[in-house]
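Here the structure comes first, spelled out in structure tokens, and everything after it is commentary.
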Amino acid sequence: QVQLVESGGGLVQAGGSLRLSCVASRSIYGIYTIAWYRQAPGKQRESVALIKGFGDTNYADSVKGRFTISRDISKNTVYLQMNSLKPEDTAVYYCNARPLLDPQSSGSWGQGTQVTVSS
């Protein structure tokens, strides 16, 4: 299984920006769908954004136009650029890698990184 290491979380004021990084232990191009999830206190984990094996992307309506998922193939890294942050974006953010050839797999998960947005 691929291992994932996350970084970039922190405390910001509303309207600010953060960039989260998810570094994979092996190549992800053409092999994995990489997704960012988040879980806020008292809520279930929800998908935020994903990038498929060859680059197609999707976003949750709540973050569309504010968040951008991208990748650096040479570094085996997926990024989540978060702009115009709102207090409701406060959550633990998780990176997930799911094999394209095993779509029912839960895949591999990062450890999570805390994002806190103050009013």
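The structure displayed is predicted, hence computed values, not measured ones.
- By the neighbour-count criterion of 12 heavy atoms within 6.0 Å, atom CD of Gln3 is sparsely surrounded, having that number or fewer from other residues, nucleotides or ligands.
- Cation-pi geometry between Arg19 and Tyr79 is met: under 6.0 angstrom from the ring centre, within 45 degrees of the axis.
- Within the model, atoms CG of Asn96 and CG of Leu50 stand 10.0 Å from one another, a figure rounded to the nearest 0.5 Å.
- Once rounded to the nearest 0.5 Å, the distance linking CD1 of Ile34 with CZ of Arg71 reads 9.0 Å.
- Look at Lys86 and Asp89 and you find no salt bridge, because none of the NZ, NE, NH1 or NH2 atoms lies under 4.0 Å from a carboxylate O.
- Here the CZ atom belonging to Arg66 is positioned 9.5 Å from the CE atom belonging to Met82, to the nearest 0.5 angstrom.
- Within 6.0 Å of CD in Gln111 there are more than 12 heavy atoms belonging to other residues, nucleotides or ligands.
- Surrounding CD of Glu88 are more than 12 heavy atoms belonging to other residues, nucleotides or ligands, all under 6.0 Å away.
- A side-chain donor-acceptor contact under 3.5 Å links Ser108 to the backbone of Val2.
- Counted within 6.0 Å of CD on Gln39, heavy atoms from surrounding residues, nucleotides or ligands total more than 12; the atom is thus considered enclosed.
- One hydrophobic cluster holds both Ile69 and Leu20 under the rule that ILVMFWY side chains link at heavy-atom gaps under 4.5 Å.
- Residue Thr33 holds its OG1 atom at 9.5 Å from CG of Asn58, rounded to the nearest 0.5 Å.
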